[in-house]
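The sequence lines fix the lettering, A, B, ..., with proteins before strands; numbering per chain opens at 1.
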Amino acid sequence: MSSSDNNRFQAIIAHAKEYGFVFPNSEIYDGLSAVYDYGPWGSELKKNIRDYWWKSMTQLHENIVGVDAAIFMHPTTWKASGHVDNFSDPMIDNKDSKKRYRVDHLLEAHAETLSPEAGEELLAAMDKLLAAEDFAGLKKLIDDNKIKCTVSGTANWTDIRQFNLMFKTEFGAVAAANEEDNIVYLRPETAQGIFVNFLNVQKTARMKVPFGIAQTGKAFRNEIVARQFIFRMREFEQMEMQFFVRPGTEGEWYKYWKDARLQWHLSLGLPAEKYRYHDHVKLAHYAKEACDIEFEFPIGFKEVEGIHSRGDYDLSQHQIYSRKKLQYFDNDIDETTGKPYGNYVPNVVETSIGLDRMFLLILSHAYDEETITKEDGTTDSRVVLHIPPRLAPIKLAILPLTKKDGLPEIARDIMKDCREEFYCFYEEKDAIGKRYRRMDAIGTPFCITVDHQTKEDNTVTIRYRDTMEQERLPISRVKDLVKEKIR
RNA sequence: GCGGAAGUAGCUCAGUUGGCAGAGCAUCAGUUUCCCAAACUGAAGGCCGCGGGUUCGAGCCCCGUUUUCCGCUCCA
């Protein structure tokens with residue numbers, strides 16, 4: 001990251017706070033690390049991005065429907081998904097090399113250097129301590145065996161700490177005798193709420209494979225490193241769609257969604273050269289194919305969305321753990337056999353985009369510090385957010401040129417007429433130029449100004465954010481013009 | 001987690017050898033303004049990140065702490 005890019009990123013963060021888009025969480029208490037709040041214009045922008053995604057997925061696809069599953073899920077869900085076992089490992093750091101190890105890996109590696117009997121004995125002791133979550137005992141085991149770091153060659157270890165990906169909380173108002181019985185997790189991904197509802201949705205909405213289930217919602221992950229603003233947060237929002245297909249067709253659907261999702265980004269007017277695919281070479285154990293859609297943020301090319309061909313892994317896992325069938329009966333005729341395809345566990349192609357990352361994408365692409373040359377030759381600067389009009393928090397600012405001579409009344413009437421259709425903003429304070437610049441700073445694409453000519457012929461000037469050009473039009477045209485531009 | 005730098009008004013910052021807490025912009029109340037932040041008058045705004053120490057006296061020196069930024073480390 002160059003220093004100018006970094007300055008730009010810092011300027012965007014400062015702008016986001018100053019103009020009511022994103023605030024540090026719990027700021028009066030010195031903040032909570034890697035958690036942020038959305039302010040007045042931020043929450044509008046975020047909602048508009050979410051709505052645009054939701055509409056493009058559900059309203060515009062006859063074979064995709066939505067759900068809104070709870071954040072809490074039965075704890076077994078996360079055993080089935082692999083999150084409990086894969087992401088809750090005790091870790092230990094070597095103080096000299098700063099290298100971090102998983103405790104079990106460290107002990108297993110050491111056991112291999114011992115005689116078979118001694119090795120077995122060590123691993124048995126480890127398993128017992130791991131099961132009991134006896135970290136002090138595990139540390140003693142490492143010390144007693146004089147296990148050294150392969151990098152520094154020393155045995156100068158920190159205490160053992162648990163790395164927990166998932167946030168835990170207690171379910172039920174009354175404490176249980178065994179507190180383990182009461183633990184529920186805050187979901188680390190929204191996808192599982194779709195998988196466990198697969199049959200409910202398929203039956204009640206009478207969906208036929210191939211079909212998709214869309215969902216937006218909060219998810220929670222303990223990240224090892226905070227920082228990077230809203231790019232990496234502990235509480236974040238996902239927009240996911242799981243597309244269920246006939247086994248054997250997942251390859252073509254993966255290609256379809258890989259292309260369709262990039263087209264969605266480009267449909268917002270974002271430049272293709274700022275996007276690239278990153279195909280995964282090393283795949284997770286359940287994935288058949290996977291790629292990221294990356295965007296060139298001020299902090300470099302970063303993942304904003306993932307497309308994964310997940311096979312039948314998730315539904316099969318839930319079948320095993322729930323002992324319920326999660327299968328679909330396909331009545332379509334298989335041309336090779338002349339018979340229906342029959343029962344199967346569908347394969348899944350997932351599209352998963354981070355709403356907060358999309359927000360940062362829009363914000364960082366929109367942010368611009370312009371130098372403009374005025375008519376008299378002097379230069380001036382402005383900070384403007386070129387947010388796509390359909391996503392802008394405020395669509396139209398209605399400004400009386402002065403606050404007397406009946407101009408505010410006319411402006412108020414226009415406001416009254418338009419506010420049901422889209423977000424409007426009225427302001428009569430300060431010089432008109434100042435008001436234009438304030439609207440530029442929060443990305444309002446259109447301003448109309450009521451002046452004395454308005455009283456004579458019912459026309460107003462409309463001023464465009466991106467070009468700063470103005471034109472005159474009848475008041476009666478205003479609402480339709482803005483509606484056309486934000487479609 | 002380790003190392004470095006920084007925290008002064010809403011924002012951007014100044015603050016002399018340790019001697020009354022400052023400016024511009026923003027805000028508020030007026031005045032003035034017919035189209036691109038900078039017209040005039042006035043007002044308000046501060047636990048100088050937090051806690052301790054040194055000193056007659058600390059925004060400034062010392063110690064601790066916290067937050068942010070930068071680099072390294074980690075990242076399903």
Discussion item. Counting the benzene-type ring for Trp, do Y256(A) and F243(A) have ring centres under 6.0 Å apart?
Written reply: no
Item to complete: Measure from the side chain of R232(A), starting at C-beta and using heavy atoms only, and say which of A37(B), C75(B), C35(B) lies closest.
Response: C75(B)
Worksheet item: Mind checking the P distance from G49(B) to G15(B)? Whole angstroms is fine.
Response: 15 Å
Response to the item:
Taken to the nearest whole Å, CD/E369(A) to C1'/A37(B) is 15 Å
Fill in: Whole-Å distance separating the CD atom of E471(A) from the P atom of C35(B)
18 Å
Worksheet entry | Rounded distance in Å between the C1' positions of G30(B) and U68(B) | 41 Å
Item to complete: Could you work out which one of C35(B), A37(B), C11(B) sits closest to the side chain of K17(A)?
Response: C11(B)
Item to complete: For U54(B) and C20(B), measure between their C1' atoms and round to the nearest Å.
Response: 23 Å
Practice prompt. Flag the pair R438(A) and D430(A) as a salt bridge only when some basic side-chain nitrogen lies within less than 4.0 angstrom of an acidic carboxylate oxygen.
Written response: yes
Worksheet, complete the sentence: As its Watson-Crick or G-U partner within any shown strand, both distances under 3.5 Å, G45(B) has none
Discussion item. Can you tell whether the side chains of E289(A) and K258(A) come within less than 4.0 Å, N to carboxylate O?
Written reply: no
Item to complete: Assert yes or no for the condition that the ring centre distance of F295(A) to F297(A) is strictly below 6.0 Å.
Response: yes
Worksheet entry | Toward the 5' end of RNA chain B, by each residue's nearest nucleotide, R382(A) or Q453(A) | Q453(A)
Worksheet item: In whole angstrom, what separates E428(A)'s CD from C35(B)'s P?
Response: 18 Å
Practice prompt. Would you tell me whether H386(A) and E370(A) have side-chain atoms, one donor and one acceptor, within less than 3.5 Å of each other?
Written response: yes
Discussion item. Under a 3.5 Å cut-off for both contacts, is C35(B) paired Watson-Crick or G-U wobble with anything, and if yes, with which nucleotide?
Written reply: none
Discussion item. Distance check needed: A37(B) C1' versus E427(A) CD, whole Å only.
Written reply: 12 Å
Fill in: Donor + acceptor pair across side chains of T190(A), E240(A) (<3.5 Å)
yes
Discussion item. Nearest to the T402(A) side chain among U33(B), U27(B), C35(B), which nucleotide is it?
Written reply: U33(B)
Fill in: Value in whole Å for how far the P atom of A37(B) lies from CZ of R465(A)
19 Å
Response to the item:
Whichever of E18(A) and L401(A) has the more 5' nearest nucleotide on RNA chain B, that residue is E18(A)
Response to the item:
For G59(B), the nucleotide meeting Watson-Crick or G-U wobble distances (both under 3.5 Å) is none
Worksheet item: At under 4.0 Å between heavy atoms, what does R463(A) touch on the DNA or RNA strands: base, sugar-phosphate, or nothing?
Response: base
Worksheet item: A76(B) base to R221(A) side chain: any donor-acceptor pair below 3.5 Å?
Response: yes
Discussion item. Between G4(B) and A44(B), how far apart are the two P atoms, rounded to whole Å?
Written reply: 45 Å
Worksheet item: For C25(B), does either OP1 or OP2 sit under 4.0 Å from a side-chain N or O belonging to K434(A)?
Response: no
Fill in: U27(B) phosphate, OP1 or OP2, under 4.0 Å from R438(A) side-chain N/O
yes
Response to the item:
C13(B) -> Watson-Crick or G-U wobble partner, both distances under 3.5 Å, gives G22(B)
Item to complete: Would you check if Y367(A) and L385(A) make a side-chain contact, meaning some heavy-atom pair closer than 4.5 Å?
Response: yes
Worksheet item: Is K455(A) touching bases, backbone alone, or none of the nucleic acid, heavy atoms closer than 4.0 Å?
Response: nothing
Worksheet item: Any donor-acceptor pair under 3.5 Å between the side chain of R435(A) and the base of C36(B)?
Response: no
Response to the item:
Whole-Å distance, D430(A) CG to A29(B) P, equals 11 Å
Worksheet item: According to the Watson-Crick and G-U wobble definitions, with both distances under 3.5 Å, which nucleotide is paired to C72(B)?
Response: G1(B)
Practice prompt. Kindly say if Q10(A) contacts the phosphate of C70(B), meaning a side-chain N or O under 4.0 Å from OP1 or OP2.
Written response: yes
Worksheet item: Among side-chain atoms of H265(A) and E305(A), is any donor-acceptor pair under 3.5 angstrom?
Response: yes
Worksheet entry | Rounded distance in Å - CD (E27(A)) to P (G7(B)) | 17 Å
Response to the item:
Per the glycosidic torsion and the 90° limit around 0, nucleotide A37(B) is syn
Practice prompt. Looking at every strand, decide which applies to Q470(A) at a 4.0 Å heavy-atom threshold: base, sugar-phosphate, or nothing.
Written response: base
Worksheet item: Side chain of Y19(A): nearest nucleotide among C36(B), A37(B), C75(B)?
Response: A37(B)
Item to complete: Select one nucleotide: of A37(B), U33(B), C35(B), the one nearest the side-chain heavy atoms of K404(A).
Response: U33(B)
Item to complete: Write down the distance between CG (D405(A)) and P (U32(B)), rounded to a whole number of angstrom.
Response: 12 Å
Fill in: Base-pairing mate for G64(B) - Watson-Crick or G-U, with both contacts under 3.5 Å
C50(B)
Discussion item. Would you measure the distance from the P atom in U8(B) across to the matching atom in C69(B) and give it in whole Å?
Written reply: 15 Å
Worksheet item: For C40(B), what is the paired nucleotide under Watson-Crick or G-U wobble rules, both distances under 3.5 Å?
Response: G30(B)
